Amino acid sequence: MGVFNRFLLFLYTLLFGVVSLGVILLVFNVVPERVVLNEYQFAITQWQTAAVAGVVLLFSIHLMFCSFGGKSSKEINSGDILLIHGTEGEVNVSVTAIREMVERIAAGVRGVREAKVKATVERNKEKGDSLGLDVKLEVGQERSIANISDEVRSQSSKYLTEIACISSFDVVVSVQSISSGVVVKKRRLK
C-alpha cells in the first residue's frame with residue numbers, strides 16, 4: 001500500500017473513530033436529544049454535508065478496490081535479507097553481500113574495466129524468492145564483448161549456484177561503455 005493510500009486509510013479510520021465516539025456519547029445520553037436533533041436538522045440542509053458524504057463514499061470505494069488489488073510479487077531493494085535453505089537449516093544472507101561478490105567476480109574477468117551490479121529480490125508466495133542481478137560493465141577493446149558477457153554470466157551463475165546455494169536467479173549483463181587504450185593499474189598502498 002502506497003503512502004497516499006495509507007494517508008487515506010488514516011483519515012478514514014480517524015473519521016470512523018470520531019463517529020463511533022459520537023454514537024457512544026448518544027447512547028449514554030451525554031448530549032441532550034434536542035441538541036442532537038437541532039444539529040441534525042441544520043446539517044441536512046447544507047450542501048457541504050452532501051459533498052463530505054460524497055468524498056467519504058469515494059474514499060470507501062477506493063480503499064475497497066485497494067484491498068482487492070494486492071500484488072502477488074513485490075520487488076525489494078538490495079539492503080534486504082535473502083533466505084537460503086541449507087541442509088542443516090536456513091541461513092540469512094544480505095543481498096548487498098551477494099551484489100558485492102558478483103561485482104568482484106565481474107571485475108576479475110579479463111577485459112572488464114569496471115563493473116556495477118544492481119540486485120533486487122522479487123518476493124512471490126507461490127514460486128518463492130527470486131534474485132535479480134543487473135550487471136553493468138565498462139569493457140576494453142582487447143576481447144569480444146560477447147565472450148566477456150558470457151564469461152561474466154557463467155562465473156556469476158557458478159558462484160550463485162555452487163557457493164551461495166541460490167537456485168532461482170536471473171543475471172542480466174549489459175555493456176554501458178567501451179574504453180580504448182591500455183589500462184595501467186596502479187598499486188594500492190595498504
Side-chain angles (χ1 to χ4, degrees), residues 1-11 62-190:
M1 185 178 287
V3 175
F4 179 71
N5 289 336
R6 287 176 194 252
F7 180 70
L8 286 180
L9 188 60
F10 170 75
L11 290 178
H62 176 72
L63 289 174
M64 182 182 70
F65 283 129
C66 285
S67 68
F68 291 132
K71 290 184 179 179
S72 60
S73 66
K74 184 179 178 186
E75 218 170 78
I76 296 178
N77 294 331
S78 62
D80 294 321
I81 300 295
L82 184 64
L83 187 64
I84 297 175
H85 303 284
T87 56
E88 298 294 323
E90 297 176 339
V91 179
N92 292 328
V93 178
S94 170
V95 176
T96 305
I98 294 172
R99 178 185 56 81
E100 289 172 354
M101 186 51 132
V102 171
E103 276 182 2
R104 283 194 289 274
I105 288 170
V109 170
R110 190 172 60 90
V112 175
R113 303 283 166 83
E114 186 179 354
K116 294 186 189 256
V117 178
K118 180 182 176 190
T120 55
V121 177
E122 186 177 329
R123 308 272 188 208
N124 194 326
K125 291 181 182 176
E126 294 93 27
K127 298 177 186 176
D129 296 348
S130 176
L131 177 67
L133 295 171
D134 184 17
V135 183
K136 297 182 188 308
L137 302 175
E138 178 184 339
V139 298
Q141 294 179 346
E142 63 269 9
R143 268 183 86 193
S144 165
I145 292 175
N147 291 341
I148 292 172
S149 66
D150 288 343
E151 190 174 342
V152 167
R153 192 175 288 113
S154 68
Q155 287 187 11
S156 300
S157 299
K158 182 179 177 183
Y159 166 76
L160 290 171
T161 54
E162 294 177 7
I163 307 298
C165 300
I166 299 172
S167 58
S168 178
F169 61 88
D170 184 30
V171 179
V172 176
V173 178
S174 61
V175 175
Q176 299 297 314
S177 65
I178 301 171
S179 61
S180 61
V182 178
V183 175
V184 178
K185 293 193 176 184
K186 297 180 182 178
R187 293 181 65 191
R188 292 186 184 178
L189 297 176
K190 293 184 179 180

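Keep in mind the model is a prediction, meaning the values are calculated, not measured.
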Smallest separation among heavy atoms of Ala106 and Val135, with atom names:
CB-CG1, 4.2 Å
With sequence neighbours excluded, give me every salt bridge (Lys or Arg N to Asp or Glu O under 4.0 Å) pair touching residues 103-112.
Arg99-Glu103
To the nearest 0.5 Å, how far apart are CG in Leu9 and NE2 in His62?
10.0 Å
Please name the pair of heavy atoms, one in Ser157 and one in Val171, separated by the smallest distance, quoted to 0.1 Å.
OG-CG2, 4.4 Å
I need the Tyr159 OH to Ile105 CD1 distance, nearest 0.5 Å.
6.0 Å
If you compare all heavy atoms of Ile178 against all heavy atoms of Val175, which two are closest, and at what distance to 0.1 Å?
CG1-CG1, 4.1 Å
Hey, could you give me the CG/CE distance between Leu133 and Met101, rounded to the nearest 0.5 Å?
13.0 Å
Please list all pairs meeting salt bridge (Lys or Arg N to Asp or Glu O under 4.0 Å) that have one or both residues in residues 148-164, counting only residues at least two apart or in different chains.
Arg143-Glu151, Asp150-Arg153
Any chance you could lay out the side-chain contact (heavy atoms from CB on, under 4.5 Å) test for Val173 and Ile148, step after step, and finish with the verdict?
CA-CA 10 Å; Val173 178; Ile148 292 172; over 6 Å; no
Separation of Ile98 CD1 from Ile163 CD1 (nearest 0.5 Å)
12.0 Å
Of all heavy-atom pairs between Leu137 and Val152, which one has the smallest distance, and what is that distance?
CD1-CG2, 4.1 Å
Distance-only donor-acceptor check, side chains Gln176 and Ser174, under 3.5 Å:
yes
Who passes side-chain contact (heavy atoms from CB on, under 4.5 Å) against Glu138, sequence neighbours left out?
Arg113, Glu114, Ser177, Ser179
Might you work through the side-chain contact (heavy atoms from CB on, under 4.5 Å) test for Asp170 and Leu131, ending with a clear yes or no?
CA-CA 6 Å; Asp170 184 30; Leu131 177 67; over 6 Å; no
